Amino acid sequence: MSNLFRRVALILLTAASLQSFAQNATSETKIDSLTKSVGLPPIDSLLLCRGDLQFFKVELRWKKNNRPEKMDTLVKVFQEIERLAVSKNNPELELTAALWLVEIRLAMNSQAEDPSIEKLIERAENSGVFWVEMAAKQRLADSILYSKNPARKALGVWILKETIAEISQKDDINLSRLLLGAYQGLIGHYYRVDDLPNAIEYSKKALSIELQEDLVSITGASLIIPTLNNLGVFYREQNLLDSSTFYFRKVLDLTLNENDDVYYAIASGNLGENFYLQGNYKAALPLLQVDANKSTEAKVWGNASNALILIADIYLSEDDLEMARQVLDQAIIAADSSKELKRLGKLYPLLSKYYKTIGEKDLALAYADSTIVVIDSMKRQNNQFYGLKSEQLFNAYQLKIEAQEELQLQEMAVKKRNIGLLVLLLLITSGYFIFRSYYLKAKLKEINLITEVEQAKDELALTKEQLDTHVQKIIIQHNSVDWKKIKINSDEQWEKFLELFQ
């Protein structure tokens, strides 16, 4: 009967195992079909991925194949990958999938804050996956920095600086991409709030980062091109055109080598703008036209409007009103499409100048008024105080951290001193007891020696008494010697005395 039960139990267990295996196989097959549809590698490959660089390669694949209509599919894929990673006890893949989900949600919500990011940071910290924790902190900071709340902006700056400090402390070149990303987040923020000194400072720090060779082989110069271009813009806004041109030329050279059409257009437009500001319209016009054409084609309306505004002003300066009007019409469309105040702030003065040139003073005055309104709005939107406040707060925080570290060092020094004194006391105490022990042993030995000497003396005295008795007997035997008159005071006398009777 017991054998029957055993067989039934074995059959049921085998069936359950086979069913579980079949379900897992079906699940992984299902995920593989989903990953393939969005350009991701099979799940077996994902399970073997380790570290920021390997997952970054995967990230480049799905971002390259990303289309608006595939957003929902991507969300489903990452959810399935996250679930499977949990069942496989692979926290790194689990957290990376969660991080990608955050990126998709942020993209779908146009930089809206995602409440799941903070939970992801906590999960990554608890799991010990440091690079995911740092990447999640950057996503959180980036989303916060687009907030209209000044306090939230300050918090975003704080998080990025804290991230930079934590990554730098690791001193690990494998984290170089994350470190560069944190710096770029700060650079963008400081530029938006018109804090150019800080923007320049952090740009130079970003360029000093040593990047992994494998990372450079994957991305080429595309990681540092934005920073170089930004430095050119920052120096131009400080009217340091020679320094600005230096960086724009570097960008142009790199984009030619990298076949980067987007930044080639941007660098062309920026270099053209520098020539425009120097009054070299002949050199400026073809470069600006490259930017205008490529940016319009790519629907990068902010860059397109900037190039078109400058081209229109060149034609207006050369009294070619017909061409100026044609280009201005294109510039108006591009500036409106960009929805950027700074583009309108550049367009309205030129429209005012154009209408003044053709004699329409009312329109010229209206656009002049509009310029004032736009500039005022930009100042209110980008209050420099926010950037300054966050900078001061973080500096105070850093001072606090440094003070705590100094206090810890002092406490360690006191502990070391106390330990040293304790060891010295133990050595002195041990030395005293060792010396005391040797002293007592030596004293005891001395007492023993004295006792032995006294015993030897007693034994010697007894021998002499015995000898004296023996001599007396001999003298008695030799009646010719008066033994009472003999005085023996030394061993030599005894020897001489004995010789007489031999």
Side-chain angles (χ1 to χ4, degrees), residues 39-41 45-46 48-66 92-93 95-96 99-100 103 129-139 141-142 160-161 163-188 191 199-235 243-268 270-271 294 298:
L40 285 168
S45 299
L46 288 173
L48 295 174
C49 285
R50 293 290 182 274
D52 172 54
L53 185 59
Q54 289 190 22
F55 281 108
F56 176 59
K57 292 178 182 178
V58 177
E59 185 178 324
L60 290 177
R61 286 183 61 172
W62 69 257
K63 283 187 174 179
K64 183 179 179 181
N65 292 280
N66 189 19
E92 193 167 10
L93 178 59
L95 293 167
T96 304
L99 181 65
W100 289 338
E103 287 220 20
V129 187
F130 181 78
W131 75 265
V132 174
E133 181 190 349
M134 295 299 102
K137 281 188 174 182
Q138 287 185 41
R139 302 300 184 277
D142 289 342
L160 282 177
K161 290 191 172 184
T163 303
I164 288 170
E166 289 184 67
I167 296 174
S168 299
Q169 193 173 13
K170 290 286 185 181
D171 193 24
D172 185 355
I173 195 172
N174 295 315
L175 301 171
S176 58
R177 186 181 74 91
L178 293 172
L179 184 60
L180 181 62
Y183 273 117
Q184 288 173 339
L186 278 179
I187 294 163
Y191 180 59
I200 290 172
E201 178 186 348
Y202 283 102
S203 295
K204 289 184 176 179
K205 286 181 178 180
L207 289 177
S208 68
I209 296 171
E210 183 184 359
L211 301 175
Q212 299 159 268
E213 290 184 8
D214 289 345
L215 181 61
V216 174
S217 67
I218 295 168
T219 62
S222 62
L223 286 178
I224 63 168
I225 283 175
T227 306
L228 290 168
N229 184 74
N230 288 337
L231 270 171
V233 173
F234 303 155
Y235 279 120
S243 296
S244 175
T245 298
F246 168 79
Y247 285 105
F248 288 145
R249 286 192 184 279
K250 287 191 76 170
V251 175
L252 200 61
D253 291 341
L254 287 172
T255 53
L256 285 171
N257 293 332
E258 298 287 331
N259 295 318
D260 188 336
D261 289 340
V262 174
Y263 265 99
Y264 176 72
I266 293 171
S268 297
N270 280 324
L271 195 56
K294 289 188 175 292

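As the structure is a prediction and not an experimental result, all values here were calculated from the model. All residue numbers refer to positions in the sequence shown, counting from 1.
When every heavy atom of Pro41 is checked against every heavy atom of Arg61, the shortest pair comes out as CB-NH1, 3.6 Å. Nearest approach of Tyr235 to Tyr247, heavy atoms of both residues: CE1-CE1, 3.6 Å. Closest approach of Leu99 and Arg139 over heavy atoms only: CD1-CG, 4.0 Å. The nearest pair of heavy atoms linking Arg177 to Leu215 is CB-CD2, 3.7 Å. For the pair Ser176 and Glu210, the tightest heavy-atom approach, listed with the atom from each and the gap, is CB-O, 3.3 Å. A pairwise comparison of heavy atoms in Gly232 and Ser244 identifies O-OG, 2.6 Å as the closest pair.
Panel note: side chain Gln54, backbone Arg50; a donor-acceptor pair is recorded below 3.5 Å. A donor-acceptor pair is defined here as one N or O able to donate and one able to accept, closer than 3.5 Å; such a pair exists between the side chain of Asn270 and the backbone of Ile266. Panel note: side chain Gln138, backbone Leu178; a donor-acceptor pair is recorded below 3.5 Å. Although no hydrogens or angles enter the test, the distance criterion places no donor-acceptor pair under 3.5 Å between the side chain of Gln212 and the main chain of Leu53. Formation of a donor-acceptor pair under 3.5 Å by the Ser208 side chain with backbone atoms of Lys205 is found in this model.
Considering OH of Tyr263 and CD1 of Ile225, their distance stands at 8.0 Å, rounded to 0.5 Å. Here the OG atom belonging to Ser203 is positioned 12.5 Å from the CD1 atom belonging to Ile224, to the nearest 0.5 angstrom. One distance of note links CG of Leu254 with NZ of Lys250; it measures 7.0 Å at 0.5 Å rounding. In this structure, the separation between CG on Leu211 and CD1 on Ile173 is 7.5 Å, given to the nearest 0.5 Å.
Residues Leu186 and Ile164 meet the side-chain proximity criterion, which asks for heavy atoms closer than 4.5 Å. Residues Ser268 and Phe248 form no side-chain contact, since every pair of their non-hydrogen atoms from C-beta on lies 4.5 Å or further apart. Side-chain atoms of Met134 and Leu175, non-hydrogen and from C-beta on, never get closer than 4.5 Å to each other. Contact check for Leu228 versus Leu207: side-chain heavy atoms found under the 4.5 Å cut-off. A 4.5 Å side-chain heavy-atom check between Leu93 and Cys49 finds every atom pair outside the cut-off.
Using a 30° and 60° split on the angle between ring planes, Phe234 and Tyr191 fall in the tilted class, from 30° to 60°.
A cation-pi arrangement is present between Lys170 and Phe130 under the rule of less than 6.0 angstrom and at most 45 degrees off the ring axis.
Within 6.0 Å of atom CG in Asn257, more than 12 heavy atoms from other residues, nucleotides or ligands are found, so the atom counts as buried in its surroundings.
Counting only residues at least two apart or on different chains, no side chain to side chain donor-acceptor pair (under 3.5 Å) pair has a member in residues 213-223.
No side-chain donor from either of Asn174 and Asp52 sits under 3.5 Å from a side-chain acceptor of the other. Side-chain contact annotation: Lys161 with Tyr202, donor-acceptor N/O pair under 3.5 Å present.
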